[in-house]
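Convention: sequence-line order gives letters A, B, ...; per-chain numbering from 1.
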2 protein chains.
Amino acid sequence: MPAEVKVEAKSARPAAQPASPPLTERQEARRRRILHASAQLASRGGFDAVQMREVAESSQVALGTLYRYFPSKVHLLVATMQDQLEHMHGTLRKKPPAGDTAAERVAETLMRAFRALQREPHLADAMVRALTFADRSVSPEVDQVSRQTTVIILDAMGLDDPSPAQLSAVRVIEHTWHSALITWLSGRASIAQVKIDIETVCRLIDLTEPTEPTEPTEKL
Amino acid sequence: MPAEVKVEAKSARPAAQPASPPLTERQEARRRRILHASAQLASRGGFDAVQMREVAESSQVALGTLYRYFPSKVHLLVATMQDQLEHMHGTLRKKPPAGDTAAERVAETLMRAFRALQREPHLADAMVRALTFADRSVSPEVDQVSRQTTVIILDAMGLDDPSPAQLSAVRVIEHTWHSALITWLSGRASIAQVKIDIETVCRLIDLTEPTEPTEPTEKL
DNA sequence: ATCAAGTCTGAAACTTGTTCTAGATTAGCG
DNA sequence: CGCTAATCTAGAACAAGTTTCAGACTTGAT
């Protein structure tokens with residue numbers, strides 16, 4: 001068993017995806033307790049209900065420790081979202097969408113995710129508000145969420161090697177997805193409206209798929 | 001000297017609230033000072049630099065008064081955005097976009113707005129973060145901003161009587177616009193990328209020309 | 001002019017995110 | 001085992017948004 005290597009864990013952020021964080025079992029357990037408490041509190045009352053002192057107490061960790069693991073409330077909630085996204089990606093993989101066109105499949109996938117969020121609207125509120133409120137210090141984590149979302153959409157499209165135009169369409173779909181969620185969460189758009197918006201933006205996909213589904217010729 | 005005359009909010013501000021109470025001149029002046037201080041502080045350091053105590057001091061108003069005028073920091077910043085949007089709408093009206101298609105004109109308009117925001121990135125940060133962070137208690141004001149944005153886009157399209165499909169497209173464009181701004185502000189997307197996203201989503205407009213008897217590209 | 005109701009002010013208090021400190025605990029190591 | 005560095009804990013302290021309150025000032029009506 002290789003001894004755990006300490007790579008100057010002083011100034012770097014503790015729990016991140018990219019570089020392998022050398023966490024012991026107890027640390028991993030702490031991290032998990034924190035994320036669980038975060039999701040639980042968020043499910044109750046949304047963004048405001050996730051109070052750092054409560055998260056700390058609820059996960060049996062000192063406040064200072066909580067901040068060592070997640071340097072801000074937004075970091076914590078974005079990490080919570082990463083966690084949930086992973087779970088959802090697994091779920092979606094099991095039953096792939098059945099539409100005929102890529103646009104249909106993407107819309108179906110997003111609507112399925114949307115229905116999942118509707119079951120926990122407060123949790124959705126906390127995560128989405130954190131995502132859009134995040135400033136530059138959270139960019140790496142937010143970017144990771146964005147990449148994960150992109151993967152899910154590309155999965156639904158059934159593409160391995162998207163063209164630049166298709167990536168643009170996917171980005172616009174993600175924009176619409178996030179913003180539509182916000183309008184729904186803040187009570188300014190109905191569920192039906194979100195559905196329409198998603199279906200509308202998904203038509204963009206058809207624009208980027210002229211006739212040939214797979215065209216290896218790609219130039220950047 | 002006669003008592004202060006109540007000023008109807010019609011000259012410079014088209015109704016924010018349906019039942020907006022008439023403000024005296026001194027009150028109108030206070031409101032204006034507050035909005036000015038808000039914009040000024042925001043221009044310096046963005047969302048975080050707009051501190052309620054500083055806004056109060058800077059606009060020569062007690063903290064309690066500030067909160068009477070704007071019940072929260074987010075309310076204040078959304079109102080600041082309404083103010084700026086109005087100004088921008090005026091500016092845009094003077095030089096309408098010159099594209100051949102509706103999609104081109106909308107993209108040009110949004111890019112023009114984007115360039116204006118680039119000149120005051122901190123102000124943009126404060127306003128956009130407030131907009132997307134706003135909870136239900138700010139819905140009416142946020143909705144007002146949204147309607148104003150819609151008007152600007154429909155103006156650019158040159159439409160008086162948009163079809164439901166066109167309104168959907170406009171909503172999706174707005175979603176993309178807000179979300180793309182956020183990714184730019186948080187340093188996760190370049191200016192070029194925002195431009196591409198805007199141009200991409202504007203193509204949706206071309207997809208929606210069902211009800212009009214007039215056929216493709218024609219200059220009005 | 002005068003009074004009642006509403007508004008503004010200054011200051012303190014409260015809330016919650018965040019930081020800091022001193023001491024206890026743990027992990028890796030010879 | 002005993003050492004050292006890192007980590008964890010409890011708790012105070014700080015920062016900024018928000019609320020509250022008593023008293024002074026305005027406003028509108030008599």
- Message: Any base atoms under 4.0 Å from B:Val74, or only sugar-phosphate, or nothing? Heavy atoms, all strands.
- Response: nothing
Ionic contact status for B:Arg53 with B:Glu57, cut-off 4.0 Å = no
Whole-Å distance, A:Glu57 CD to D:dC8 P, equals 19 Å
message: With a 4.0 Å cut-off on N to O distance, would you call B:Asp155 and B:Arg105 a salt bridge?
response: no
A:Leu41 atom CG is separated from C:dG17 atom C1', nearest whole Å, by 15 Å
Rounded to whole Å, the CZ-C1' distance (A:Arg53 to D:dA13) equals 10 Å
Taken to the nearest whole Å, NE2/A:His75 to P/C:dG17 is 16 Å
Which of C:dA12, D:dG17, C:dT9 is nearest the side chain of B:Leu63? It is C:dA12
**Prompt:** Is any side-chain N of the basic residue among A:Lys195 and A:Glu199 closer than 4.0 Å to the acidic one's carboxylate O?
**Reply:** yes
So what does A:Glu54 hit on the nucleic acid, given a heavy-atom distance under 4.0 Å: a base, only sugar-phosphate, or nothing? nothing
A:Glu25 atom CD is separated from C:dA27 atom C1', nearest whole Å, by 14 Å
Among C:dT19, C:dT9, C:dC8, the one nearest any side-chain atom of B:Val61 is C:dT9
Report task. Check every strand shown and say whether A:Val55 touches a base, only sugar-phosphate, or nothing at a heavy-atom separation below 4.0 Å. Result -> nothing
Item to complete: Give one of base, sugar-phosphate or nothing for B:Phe70, where a contact means two heavy atoms less than 4.0 Å apart.
Response: nothing
Task: side chain to side chain donor-acceptor pair (under 3.5 Å) between B:Arg188 and B:Ser186, worked out - done: CA-CA 6 Å; B:Arg188 306 196 324 273; B:Ser186 63; 2.7 Å; yes
